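All values derive from a computational prediction rather than experimental measurement.
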Amino acid sequence: MLYYYANTGHKVGLERVRRCMAVMKKFSKQDIEMQILVNDFRAGVAMKEEQGLKEYVTIETIQDIDAIATMGDSIIIDSNEDDHGRLVKYMSDFKQVWRFAHDYKDRSVHGETLLCSECGENAAIVDEYYFKHHPKKERVLLFLRDHDHQKILLSHDTFFQSLNMELLLGHYFFVKYEDELAKRFSVLHEPETYMELISQSSTLVTASSQAALEARVAGAKVVFLKLKEEIPLYPVELLYRYGVEIVTELNTNTLQTALKNATSERLTKITPFDESELLKYF
């Protein structure tokens with residue numbers, strides 16, 4: 001059995017489990033059984049609603065993978081958590097251990113195989129769905145991310161309302177928060193329409209680097225908001241290489257300039273996730 005652990009939650013969002021879904025769909029075509037491990041029940045429900053995920057298991061942290069996986073299984077770890085030395089045990093217990101690198105300086109410490117999302121032209125993992133042709137609707141879609149516990153959308157409402165953007169709600173938004181946002185945005189979209197809206201919107205403004213890459217692959221203009229003290233899943237240098245405009249301050253003029261410079265030319269140098277390196281172990 002192959003287990004894929006994706007760190008999720010109301011403070012880290014769902015980017016890693018979306019990346020996981022892209023990998024799982026690849027493996028399912030090869031009849032390889034894969035079980036998804038997430039940190040909270042709501043993450044699994046979100047993927048059920050958004051992408052039709054059938055099964056998942058909830059665990060507390062990276063240290064609890066071996067509460068589900070057993071001796072001889074293989075695991076993929078997609079998390080920046082501190083494993084507190086647990087990785088040593090995983091290397092002795094499991095057949096194969098893959099781990100997503102924390103950054104470009106990260107190195108394999110215990111013999112685990114690193115998956116580097118910052119290395120090479122084909123490093124970004126994007127669902128094949130976005131590579132298909134999708135008719136575009138002319139709109140500026142705003143998807144900040146799946147969580148907004150700092151209430152950035154409310155504290156900078158003038159900025160976000162400046163271009164009459166349509167808002168795609170996050171899966172971790174609370175009902176009362178959504179009610180407040182409804183007073184400030186003329187159009188709100190439910191989170192389960194994520195894939196449809198990311199693929200069919202002509203322009204996307206987002207603080208999610210996974211969403212940014214998905215939209216670019218689908219042929220949208222994309223502006224990425226690099227929020228202070230936030231570490232993106234993919235580095236801004238990689239996003240820029242793929243034609244994503246980067247905005248580092250919530251300034252209306254800066255955003256308008258970025259939108260003018262953004263390109264909608266479909267990507268040709270990024271390809272769907274190549275599972276061949278992992279498949280050779282099965």
Side-chain angles (χ1 to χ4, degrees), residues 10-15 18 46 49-50 126-127 130 134-234 236 239-240 242-264:
H10 70 280
K11 289 187 177 180
V12 295
L14 299 172
E15 287 188 300
R18 287 196 179 97
E49 295 175 343
E50 182 184 302
V126 176
D127 196 306
Y130 297 101
H134 298 279
K136 293 289 184 289
K137 179 177 179 179
E138 287 298 324
R139 64 176 157 220
V140 179
L141 179 69
L142 169 63
F143 174 68
L144 188 70
R145 53 193 176 186
D146 275 291
H147 62 93
D148 189 19
H149 56 276
Q150 297 174 324
K151 296 187 176 180
I152 294 173
L153 290 171
L154 290 184
S155 59
H156 296 82
D157 55 354
T158 301
F159 168 79
F160 289 113
Q161 292 176 57
S162 61
L163 295 174
N164 194 31
M165 293 185 281
E166 298 183 17
L167 177 64
L168 173 56
L169 297 168
H171 281 283
Y172 288 105
F173 286 12
F174 296 106
V175 174
K176 289 186 178 180
Y177 189 46
E178 292 179 8
D179 292 342
E180 287 298 314
L181 293 172
K183 299 174 183 177
R184 293 165 169 80
F185 293 91
S186 58
V187 180
L188 268 65
H189 298 280
E190 295 301 318
E192 57 266 23
T193 62
Y194 175 93
M195 295 188 76
E196 174 187 343
L197 287 169
I198 295 297
S199 63
Q200 296 182 15
S201 298
S202 61
T203 305
L204 175 69
V205 177
T206 184
S208 164
S209 57
Q210 184 67 33
L213 286 177
E214 290 165 351
R216 280 295 299 121
V217 165
K221 296 180 179 180
V222 180
V223 174
F224 178 74
L225 305 176
K226 174 61 176 71
L227 303 177
K228 293 181 179 179
E229 301 178 359
E230 295 276 338
I231 301 176
L233 185 65
Y234 298 102
V236 293
L239 298 180
Y240 187 74
Y242 290 143
V244 176
E245 291 294 316
I246 311 298
V247 168
T248 57
E249 56 181 18
L250 301 184
N251 176 280
T252 302
N253 292 333
T254 303
L255 176 60
Q256 289 177 333
T257 299
L259 287 171
K260 289 180 181 178
N261 293 335
T263 178
S264 60

Name each donor-acceptor pair under 3.5 Å that joins a side chain in residues 223-233 to protein atoms two or more places apart or in another chain, with its distance.
residue	atom	partner	partner atom	Å
Lys226	NZ	Glu230	O	2.8
Glu230	OE1	Arg145	NH1	3.2
Glu230	OE2	Arg145	NH1	3.1

Distance (rounded to the nearest 0.5 Å) between [X] [atom1] and [Y] [atom2]:
| X | Y | atom1 | atom2 | value |
| --- | --- | --- | --- | --- |
| Phe160 | Ile152 | CZ | CD1 | 6.5 Å |
| Tyr234 | Leu239 | OH | CG | 9.5 Å |
| Lys136 | Ser202 | NZ | OG | 8.5 Å |
| Phe185 | Leu142 | CZ | CG | 5.5 Å |
| Glu49 | Tyr194 | CD | OH | 15.0 Å |
| Leu213 | Thr206 | CG | OG1 | 10.5 Å |

Considering residues at least two apart in sequence or located in another chain, which fulfil the side-chain contact (heavy atoms from CB on, under 4.5 Å) criterion with [X]?
| X | answer |
| --- | --- |
| Ser264 | Lys221 |
| His189 | Arg139, Leu141, Glu166, Leu168, Val187, Thr193, Leu197 |
| Ser199 | Tyr129, Tyr130, His134, Ala218 |

Inset, instruction - Measure from the side-chain N and O atoms of Asp146 to the backbone N and O of Tyr172, and report whether any donor-acceptor pair falls under 3.5 Å. - result: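 Pair absent, no side-chain N/O of Asp146 close to backbone of Tyr172.
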Inset, instruction - Return yes if some donor-acceptor pair links the side-chain N/O of Glu50 with the main-chain N/O of Ala46 below 3.5 Å, else return no. - result: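 Such a contact is absent between Glu50 side chain and Ala46 backbone.
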Quick check: closest heavy atoms across [X] and [Y], and the distance to 0.1 Å?
| X | Y | result |
| --- | --- | --- |
| Gly170 | Phe143 | CA-CE1, 4.4 Å |
| Ala220 | Thr203 | CB-N, 4.5 Å |
| Val247 | Ala258 | CG2-CB, 3.7 Å |

Once salt bridge (Lys or Arg N to Asp or Glu O under 4.0 Å) is applied, what residue pairs with a partner in [range] remain, sequence neighbours excluded?
| range | result |
| --- | --- |
| residues 205-215 | none |
| residues 169-183 | Glu180-Lys183, Glu180-Arg184 |
| residues 187-197 | none |

Inset, instruction - Could you walk me through whether Thr252 and Thr158 pass the side-chain contact (heavy atoms from CB on, under 4.5 Å) test, one step at a time? - result: CA-CA 9 Å; Thr252 302; Thr158 301; 5.7 Å; no
Using side chain to side chain donor-acceptor pair (under 3.5 Å) as the criterion, list what pairs up with [X], not counting sequence neighbours.
| X | value |
| --- | --- |
| Asn261 | none |
| His10 | none |
| His156 | none |

With the side chain counted from C-beta on, respond yes when [X] and [Y] share a heavy-atom pair under 4.5 Å apart, and no when they do not.
| X | Y | answer |
| --- | --- | --- |
| Arg216 | Leu204 | no |
| Leu153 | Phe173 | yes |
| Leu169 | Tyr177 | no |
| Val222 | Tyr242 | no |

Inset, instruction - Tell me, please, which residues at least two apart from Glu245 pass salt bridge (charged side-chain N to carboxylate O under 4.0 Å, His left out). - result: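 With neighbours one apart ignored, the set is empty.
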Legend entry - Contacts of Lys260 that satisfy salt bridge (charged side-chain N to carboxylate O under 4.0 Å, His left out) - sequence neighbours left out: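 Checked Lys260 against salt bridge (charged side-chain N to carboxylate O under 4.0 Å, His left out); zero matches.
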Inset, instruction - Start with the C-alpha gap between Arg18 and Asp127, add the side-chain angles, then the distance that decides, and say whether side-chain contact (heavy atoms from CB on, under 4.5 Å) holds. - result: CA-CA 8 Å; Arg18 287 196 179 97; Asp127 196 306; over 6 Å; no
